[in-house]
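Written out below as structure tokens is the structure these notes cover.
Only a predicted model underlies this, so the values are computations on that prediction, with no experimental measurement involved.
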Amino acid sequence: MYPRLNEGVSLEQIELDNGLHYYIKNTNGDQFELSHNLYDALQEADETKAIDLNQEDEQTLLLLRDYKLISNSHLIKGKCFIDQFILFSFDKNKQPRRGIFKVLNVMMIVLTIALTIAWAYVFANSPRELDPWINTWTCIVSFIVGMMIHEVGQIIAAFASGYTVTNVGVMLLFRIIPVGCYCDYEIDKVTTKTEAIQFYLAGTEMNLILAYIASIIGLTKHSLCGTANIVAFFNFGMALLSVLPIKNSVGENVISILCEVKSINDEVKRWFSSKEYRWELLHSGSKGIRRLIAIVIALILQIAYWVLTALVLCLLVVPIVYAFYVIVTL
């Protein structure tokens, strides 16, 4: 939960014969006793931080909300004008069973491989007919659906790997414009390298599954060519951008796991800033050479990321600007 005290509500502590007691008081002067842990948590509550409580304190917090002493915000203030809006919250103590999610996790991998083969066959044997038709709303909906389907994949992989998912939501620019989705999770178990890599790749796999299906429809059904190609384009684009190794991306995490380093991007910075580190890599045998190759690949892909990001944004913004121009000039 991301609570805050309502207006006029205050916290106070009172020294009694049997020790210090903690209270929350409403505008009428009514007092409700709190545990020490909950008192400390509410002192820091400002809607921007989740508070970690035991089950008894969580029940007390729900009662405080019912009595209008606190509010639980779904909007989490962020940085650079980007805030998080919580759509779904999950109880840490009541996580879904892993069984069904393990099956779905394997199905994602199998479907991605099968559709890659099917798409390659259809692409090689179907005539390519370019359809210049672009619908602004189709572009916007495709972008939003692509973001959502990406997070669905990560949620499935998180539950399958035994991670604790706390909440899922949307990232909003200026609290209005959706620019991404997110999945908050905690890793409270030892995971294998394969599980960790699959967790990061799961969202990309979902984008590819949707992109392949849309592309196959576009190649075989000319009447749906325009819409299908837009959906395919955005999801192929998201899949490609996600695997490029920028900060905290799928690509960075996967390459870092394979290279057994904390962050491949930090390794790139160290390469340029430290002569000793360069000497160490060049004299570390095959392991140093492999890491050096990963650093070079990461650097090239980072450049490609910014080029592709600019292209995708242009293709998204141009129809919107054109539609706005048409409306204004009517």
Side-chain angles (χ1 to χ4, degrees), residues 1-2 50-59 61-62 72 74 76 84-119 144-171 178 180-217 231 235-236 238-239 242-243 248-258 260 262:
M1 295 180 72
Y2 295 80
I51 58 176
D52 192 13
L53 302 170
N54 59 40
Q55 194 166 4
E56 184 179 347
D57 283 340
E58 285 185 354
Q59 293 299 320
L61 202 63
L62 293 175
N72 183 34
H74 283 259
I76 309 168
Q84 294 177 332
F85 184 81
I86 300 173
L87 294 176
F88 305 103
S89 296
F90 299 91
D91 190 332
K92 290 183 180 180
N93 301 313
K94 297 180 181 179
Q95 297 284 296
R97 293 184 177 180
R98 294 177 59 186
I100 183 65
F101 292 100
K102 283 185 175 181
V103 174
L104 292 173
N105 202 27
V106 173
M107 285 178 61
M108 278 194 296
I109 301 171
V110 173
L111 265 177
T112 303
I113 296 170
L115 285 171
T116 300
I117 298 170
W119 176 82
I144 294 173
V145 169
M147 292 189 300
M148 293 175 64
I149 205 76
H150 183 96
E151 293 308 321
V152 168
Q154 284 214 300
I155 292 168
I156 291 172
F159 284 136
S161 300
Y163 296 174
T164 300
V165 179
T166 53
N167 59 72
V168 179
V170 182
M171 292 184 289
C181 294
Y182 73 93
C183 168
D184 272 349
Y185 61 93
E186 297 174 3
I187 302 176
D188 45 15
K189 65 182 287 289
V190 177
T191 57
T192 65
K193 187 182 290 188
T194 303
E195 282 180 326
I197 290 174
Q198 170 57 16
F199 168 71
Y200 289 116
L201 287 177
T204 303
E205 290 166 5
M206 289 295 285
N207 283 129
L208 286 174
I209 289 170
L210 183 57
Y212 284 138
I213 293 172
S215 184
I216 291 171
I217 292 173
V231 174
N235 281 276
F236 274 132
M238 287 182 189
S242 70
V243 298
N248 297 324
S249 71
V250 170
E252 184 199 23
N253 287 305
V254 170
I255 294 176
S256 299
I257 292 169
L258 291 173
E260 298 180 349
K262 187 175 181 180

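- The shortest heavy-atom contact between V165 and A158 is CG2-CB, 3.7 Å.
- Across all their heavy atoms, V152 and M206 have their closest contact at CG1-CE, 4.2 Å.
- The shortest heavy-atom contact between A214 and V231 is CB-CG1, 3.8 Å.
- Across every non-hydrogen atom of S242 and V250, the tightest pair is O-CB, 3.1 Å.
- F159 and F101 have tilted rings, their planes meeting at an angle from 30° to 60° on a 0 to 90° scale.
- For the atom pair CD1 (I100) and CE (M107), the distance works out to 8.5 Å, reported to the nearest 0.5 Å.
- Taking the side chain as every heavy atom from C-beta outward, Q154 and F199 approach each other to under 4.5 Å.
- Note that OG1 of T192 and CD1 of I257 are 9.5 Å apart. Values are rounded to the nearest 0.5 Å.
- Taken to the nearest 0.5 Å, the CD atom of E252 stands 11.0 Å off from the NZ atom of K262.
- Proximity of a side-chain donor or acceptor of T166 to a complementary backbone N or O of D184 within less than 3.5 Å is detected.
- Interatomic distance, CG of L210 versus NE2 of H150, reported as 13.0 Å (0.5 Å rounding).
- Minimum heavy-atom separation, Q198 to A157: O-CB, 4.2 Å.
- Within the 3.5 Å criterion, the main-chain N or O of A211 finds no donor-acceptor partner in the side chain of S215.
- The structure places CD1 of I209 at 11.0 Å from OG1 of T204, a figure rounded to the nearest 0.5 Å.
- More than 12 heavy-atom neighbours from other residues, nucleotides or ligands sit within 6.0 angstrom of CE on M171.
- Across R98 and A160, no two heavy atoms sit closer than the pair NH2-O, 2.8 Å.
- Between W119 and Y212, the two ring planes are tilted [angle within 30° to 60°].
- Looking at L201 and V254, their side chains come closer than 4.5 Å, going by heavy atoms from C-beta outward.
- Under the side chain to side chain contact (heavy atoms under 4.5 Å, CB included) rule, N235 has a single partner from V145, I149, L208, which is I149.
- Taking CD1 of I197 as the start and CD1 of I255 as the end, the distance is 10.5 Å to the nearest 0.5 Å.
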